[in-house]
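A quick write-up on the structure given underneath.
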There are 2 protein chains.
Amino acid sequence: MSWINISKNSHFSLANIPFGIFSTTVQSKRIGVAIGDYVLDIPGFVRNEGLTGLDVNTRNLLETSKALEQQTLNGLASLGKPVHSGLRRYIQEVFKSDGRYPDVLQKNSQLQQKVLVPMSDVTMHVPFEIGDYTDFYVGCNHAYNCGCIFRGPQNALQPNYYHLPVGYHGRASSVVVSGTGIRRPKGQILVPADDGTTQPELHASKKMDYEFEIAAFVGKSNNLGEPVPIGQANDHLFGFVIMNDWSARDIQAWEYVPLGPFTSKNFGTSISPWVVHTDALEPFRCEPIKRKESDPKVQPYLDESASEFSPKTVHDIQMSIDLTISGESHRISQMSAKYMLYSFPQMIAHHTVTGCNLRVGDLLGSGTISGTESGTEGSMLELSQGGKRDVVIGSVTRRFLEDGDTVTFSAVAGDAATGLVGFGTLEGTVLPAAK
Amino acid sequence: MSWINISKNSHFSLANIPFGIFSTTVQSKRIGVAIGDYVLDIPGFVRNEGLTGLDVNTRNLLETSKALEQQTLNGLASLGKPVHSGLRRYIQEVFKSDGRYPDVLQKNSQLQQKVLVPMSDVTMHVPFEIGDYTDFYVGCNHAYNCGCIFRGPQNALQPNYYHLPVGYHGRASSVVVSGTGIRRPKGQILVPADDGTTQPELHASKKMDYEFEIAAFVGKSNNLGEPVPIGQANDHLFGFVIMNDWSARDIQAWEYVPLGPFTSKNFGTSISPWVVHTDALEPFRCEPIKRKESDPKVQPYLDESASEFSPKTVHDIQMSIDLTISGESHRISQMSAKYMLYSFPQMIAHHTVTGCNLRVGDLLGSGTISGTESGTEGSMLELSQGGKRDVVIGSVTRRFLEDGDTVTFSAVAGDAATGLVGFGTLEGTVLPAAK
Ligand SMILES: [Ca+2]
Ligand SMILES: [Ca+2]
Ligand SMILES: [Mg+2]
Ligand SMILES: [Mg+2]
Ligand code: NI
């Protein structure tokens, strides 16, 4: 329990304490922490003796570091897990009803006025400077569903799928924060020609889609040429956001051979603003998708069975997708983040196996996550079976997104009793294509 | 003619004046310009009244800008083409034998001592902070050669190849400067199994290769959602380097379906340190690979026929590859940069067509460039026909690179009479795989 009022439904309970970058009409971009309906202004808190109760070493490091003056989380993450884990635990203690440091903030209403900003007053920003963004494809059910649509159930998964977490390099420049409108892309798509064949033409995408993914921010770098061993990979994670990897399916289908998706993905990728720290998700560890006896086993460099977390290498986070059409919202899918064939540590071990260096702030997307049942699809491509079937949403139907549609993702772990650990919402509205 | 001695064979004649980032044992990283065997220390030059003869506006802009204090070229490039073009032309004038500003440097031996650093004393660095790196595939002959190896001549080029410049997002973090050793990657490759089939295994790559590409640095950004029209795309280029897109062919073959190359490329990409300004290459414009009447025409958004440069949309730059084995060097290929099916402005127009934002410092690789004849191959994959044929190099043979092999690329335009405009060399040695 906290001495500040946190609604039972808040994603930002005392058990969460996610980090983000906010600004207000009078405050420039800075690091904040979400708690209930408030944002704690971290540099303000630190400057005003907020860290009094923190152990001296961590306190000194934070007070003298330039990390807290940055307009991204890169500096804070670079200080190392003991520092940001320690800071998060300390903030929990500061906000606890029966906490050890009531003088710091609870009994200091002057400081509360200064550093507790109502969430309704803040604008949120992309939390990290993202050096590189990589998108994986570990949502096995999604990969299978898409494979069935394009190649049939016999060849749905490619031969490499059970051997390595398939991934590709994405576009870092076009990662935007929740709330940013996404313009329907114009690109090359195949359209029917007079002679009955198809011809490529520059056209507004007719198959604009969302992809619900969990994404991790890297909090610890590795040197070029030095792969991260699977046993250490978890230490390289700072925290998680939810991600919408907007996709133009018709552009993708035409362009992706032989080098992968390019303009069909790089027009925008949306992420939620609050980065849920790895520590906050520890209680929600669970097992990933199980391999059958007949499925290939992973190479030793991907084998997590000796990990302290094994076999709970992923997290059970409840994900939901709402579509708002003409002001009316409908839930169209629900799934769990546990439906991954590979964990984030496995993605990191594979990403770096040939020597690739990850840097603090790099973003790693899981790939679309779908469950196995109807109503658990992470993309509209799956819901409409490749655009061949109407999806009934309230009083209208969809096969892909239309202009003005708002896609809202939400994800949360835990329950009201112990406090929700959530990501808030990730929202984006499809804007009409440019003239 | 310059008043400083520039050898006829120097790539850095008065006609070139490329920009780079250098340091010495006593000087931290800073902007420099290459001229003959010297590097002009640009911030030193500017601080010591070096810009006296430059027009007042550009001079003020450069003197008051923080751009020249940066350890990358991003700031300088961001000042705009009039500024860096003007600075380059001014430096040419300063170094001319009969230049208009002899007092600035020619007759000022004290300043010469201060700001002219022997090239042998400098260490070169990656010239830009690279936000995103994209690799295209516009070397039509290379694409055809590779397609023949993998799919036979009938299906060598994919259906989209003549319609759009195929490209994929590369890894920015592992772009390194010439001279950096490249460790042979370990990754998943298919190896023969006891039962006659193949099985994936973590193994040092047996098919390590180079790819000779021309690469452009972006000098002007565009906003997300606002494609760069083909007619303006040339203005978004700052200059060019040569690039070695090291590739592990066996890892690539296994991993690339369906989302493209990933760990087979991201272990290292080498670039030459001196960025040859677009202005320096203007005299060497020429026509790209010609489409046959029967080949598809490009969409209007890629049509350059109305461009002021048309039909000379690419550059005739002589490229050469030397391989050094046990201390002995042999030239193994020579080709021209004109063997591209799409120009860099076309690559930019396509990259941004769906709205992707490019930022100053982004790196765009052309894809491997090969000619049509034997001896013009841009990769060893082509020389050895997919590793099926020995390539005789002096007294030894190769099918792919071996440990200790040094790959040296060089590229140069023009002739000794008017002064060479070259890229210098791009060198990298294959280091043995980690234990
Ligand atoms: Ca995706
Ligand atoms: Ca390449
Ligand atoms: Mg995207
Ligand atoms: Mg590479
Ligand atoms: Ni010899």
With only heavy atoms counted, which part of B:Tyr161 is less than 4.5 Å from chain A, the side chain, the backbone, both or neither? neither
Search all heavy atoms of B:Pro258 against all heavy atoms of A:Tyr137 and return the closest pair with its distance. CG-CE2, 4.4 Å
Using a 3.5 Å distance criterion without hydrogens, assess whether the side chain of B:Thr263 forms a donor-acceptor pair with backbone atoms of A:Thr354. no
When rounded to the nearest 0.5 angstrom, what is the spacing between OH in A:Tyr256 and CG in B:Asn160? 10.5 Å
Taking every heavy-atom pair that is under 4.5 Å apart, which of A:Ile130, A:Leu302, A:Val353 has the most such pairs with chain B? A:Val353
Please classify the contact between A:Asp362 and chain B as side chain, backbone, both or neither, with a heavy-atom cut-off of under 4.5 Å. side chain
Pull out the residues in residues 163-174 of chain A that come under 4.5 Å of chain B, heavy atom to heavy atom, sorted by number. A:His163, A:Leu164, A:Val166, A:Gly167, A:Tyr168, A:His169, A:Gly170, A:Arg171, A:Ala172, A:Ser173, A:Ser174
For B:Pro159, is it the side chain, the backbone, both, or neither that has a heavy atom closer than 4.5 Å to a heavy atom of chain A? both
Between A:Leu358, A:Leu259, A:Ile251, which shows the greatest number of heavy-atom pairs under 4.5 Å with chain B? A:Leu259
For chain B, which residues from residues 180-201 of chain A lie under 4.5 Å away (heavy-atom distances)? A:Arg183, A:Pro185, A:Lys186, A:Gly187, A:Gln188, A:Gln199, A:Pro200, A:Glu201
Measure A:Thr134 against the heavy atoms of chain B and call it side chain, backbone, both or neither at under 4.5 Å. side chain
Can you pull out the residues in residues 216-230 of chain B with any heavy atom less than 4.5 Å from chain A? B:Leu224, B:Gly225
Give the ring-plane orientation class for B:Phe262 versus A:Phe136, where under 30° counts as parallel, over 60° as perpendicular and anything between as tilted. perpendicular
Keeping A:Gln299 on the side-chain end and B:Leu202 on the backbone end, is there a donor-acceptor pair under 3.5 Å? yes
Taking 4.5 Å as the heavy-atom cut-off, does anything in residues 140-152 of chain A contact chain B, and if so which residues? none
Can you tell me which of B:Gly355, B:Gly131, B:Pro261 forms the most heavy-atom pairs within a distance under 4.5 Å of chain A? B:Pro261
Just give me the residue among B:Gln158, B:His351, B:Glu255, B:Arg359 that pairs up with chain A most often, heavy atom to heavy atom, under 4.5 Å. B:His351
